[in-house]
Undergrad: 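Sharing a structure, written as structure tokens. Questions coming.
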Protein chains: 2
Amino acid sequence: MSASATQTVYEQLRVSLLAGQYRPEAKLKISELGSAFSVSTGAIREALARLTAEGLVTAMPQRGFRVAPVSVADLRDLTEMRIEIETKCLRRAIANGDLAWEAAVVAAHHRLAVTPIAAADGGFSPTWILAHGDFHAALARACDSAWMLRVRDLLFAHNERYLDLARKTDRGNRDAAREHRELMEAALARDPDRAVAAMTAHIGRTRDTIEPALRRAETDEVG
Amino acid sequence: MSASATQTVYEQLRVSLLAGQYRPEAKLKISELGSAFSVSTGAIREALARLTAEGLVTAMPQRGFRVAPVSVADLRDLTEMRIEIETKCLRRAIANGDLAWEAAVVAAHHRLAVTPIAAADGGFSPTWILAHGDFHAALARACDSAWMLRVRDLLFAHNERYLDLARKTDRGNRDAAREHRELMEAALARDPDRAVAAMTAHIGRTRDTIEPALRRAETDEVG
DNA sequence: TTTCCATTGAAAATGTATTTTTGCTTCGCG
DNA sequence: CGCGAAGCAAAAATACATTTTCAATGGAAA
């Protein structure tokens with residue numbers, strides 16, 4: 001194999017977590033994962049340690065690893081924070097972006113637009129999730145603050161964990177494609193206020209779509 | 001020992017890194033660290049993996065781990081971001097803090113005020129660094145956004161790496177104690193604007209103190 | 001003399017085995 | 001019949017051995 005085993009496991013486990021393939025709070029048994037990926041426990045532990053620092057999994061000393069929990073409160077907090085950071089990034093990207101940035105945004109939007117959203121199981125298709133993340137990343141990428149981008153990436157990753165919950169209630173009545181187009185057009189027009197407004201609405205609407213489904217899931221668990 | 005070996009190594013390595021005991025870019029040999037802490041290489045690897053995700057060390061596949069680099073550009077970026085986040089936290093803490101918060105702030109300030117700054121080697125004393133971190137943490141702690149606090153902690157940790165560089169140029173001509181007192185008083189007076197102004201000045205002054213020393217260190221390395 | 005290739009050594013990555021801890025179950029006692 | 005303690009099994013943590021990879025040095029050829 002080209003990359004190291006730890007790296008491979010880390011990346012695969014990460015996309016699985018972001019895609020919601022493991023239930024929050026679910027126990028992540030090291031030996032099970034080891035046989036699933038057919039690598040040693042050491043590689044698994046190392047990957048899990050990195051994911052722990054990222055906050056995607058929680059480590060309980062002597063008691064193993066679990067998938068990080070989700071909650072309505074966390075979603076709201078996360079959304080608020082995302083609006084803050086994403087809009088700041090966007091403003092700086094618009095002020096700072098060159099032609100290459102514009103081209104990358106257009107390219108990413110095109111890929112996103114032509115990728116079907118739905119997967120066979122009713123959730124988002126993996127390729128759409130990827131294209132969606134790439135589009136938002138492309139928008140922010142021209143921001144000239146490495147720290148801001150880094151925090152943005154962290155927040156965006158955590159947001160992805162909530163995304164697949166949205167699909168169940170989001171029966172096509174939300175025109176995400178329209179929102180993405182508006183974002184791109186405002187960015188290319190170099191209209192910061194319009195772009196920020198679009199971004200704020202977009203992120204807020206994501207929360208509004210996810211929250212009911214999440215709330216239902218929470219009460220289901222209790223009852 | 002009570003905690004796990006990995007946890008112990010992680011914590012100790014972290015404070016060592018924040019205290020600047022390892023030179024930036026320095027190689028962190030796993031076997032050396034293993035014998036130094038007298039634990040196996042596995043525990044070291046796991047601790048380093050977590051620190052990598054935190055950004056305090058960088059991992060190069062098949063080439064081991066290094067202490068994360070520092071630079072003037074990073075310091076400026078970091079400072080800008082810190083001002084954004086710390087002031088936001090502070091506003092929310094002031095709006096949200098109760099009596100327990102006030103008490104904690106006063107207590108932390110007292111500990112900070114009575115702790116001598118200088119260590120024997122001319123750098124900051126470890127106890128002062130701890131008290132300083134605790135004071136700033138206490139100020140922010142009443143902020144009712146877990147994500148904001150988390151990002152704040154991350155940024156503050158990285159800032160600490162630069163702190164010891166400041167000591168060399170900071171020949172007592174900066175009245176840090178005065179700045180901390182002003183911060184506390186503004187917070188207790190529940191005056192957000194005054195507190196934010198004090199915080200902005202405080203963080204900016206830290207950068208202004210560090211940057212010359214850092215710039216000199218950088219040119220020294222090249223020359 | 002310089003450059004390129006090969007060999008060698010050191011260090012990291014991985015895999016396996018052992019120890020320790022924890023949580024559960026069962027058995028005994030009240 | 002219920003509560004508690006002890007033992008047992010599963011899983012995590014750690015130590016150790018093996019394999020792989022990278023880099024540096026030395027030698028040979030141009």
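Below, chain A is the first sequence line, B the second, and so on; all start at residue 1.
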Undergrad: Whole angstroms only, please: what is the CG-P distance between Leu28(A) and dA13(D)?
TA: 12 Å
Undergrad: When the nearest nucleotide of DNA chain C is assigned to Pro61(A) and to Thr6(A) on a heavy-atom basis, which residue is associated with the more 5' position?
TA: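 Per heavy-atom nearest nucleotide, the more 5' residue is Thr6(A).
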Undergrad: For the side chain of Ala5(A), counting heavy atoms from C-beta on, which of dT14(C), dA12(C), dA12(D) is nearest?
TA: dT14(C)
Undergrad: Think Arg63(A) has a side-chain N or O under 4.0 angstrom from the OP1 or OP2 of dT21(C)?
TA: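 Result: no.
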Undergrad: Quick check on dA12(D): is either OP1 or OP2 less than 4.0 Å from any side-chain nitrogen or oxygen of Lys27(A)?
TA: yes
Undergrad: Can you identify which nucleotide, out of dA12(D), dT22(C), dA13(C), has its nearest atom closest to the Arg45(A) side chain?
TA: dA12(D)
Undergrad: Does Arg207(B) come within less than 4.0 Å of Glu80(B), counting only side-chain N to carboxylate O?
TA: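 No, no charged N to carboxylate O under 4.0 Å.
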Undergrad: Between Leu33(A) (CG) and dA11(D) (P), how many Å, whole number?
TA: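 Those two atoms, CG and P, are 12 Å apart.
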Undergrad: Can you spot which of His202(A), His180(A), His110(A) makes a ring pair (Phe, Tyr, Trp, His ring centres under 6.0 Å) with Phe135(A)?
TA: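 The passing option is His180(A).
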Undergrad: Without decimals, in angstroms, what is the distance between Glu46(A) CD and dA13(C) P?
TA: 7 Å
Undergrad: If you look at every heavy atom in Ala68(A) and Arg161(A), which pair is closest and at what distance?
TA: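 Shortest heavy-atom separation between Ala68(A) and Arg161(A) comes out as O-NH2, 2.6 Å.
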Undergrad: With heavy atoms under 4.0 Å as the rule, sort Gly42(A) into base, sugar-phosphate or nothing.
TA: nothing
Undergrad: Establish, with yes or no, whether the OP1 or OP2 oxygen of dT14(C) is under 4.0 angstrom from a side-chain nitrogen or oxygen of Ser40(A).
TA: no
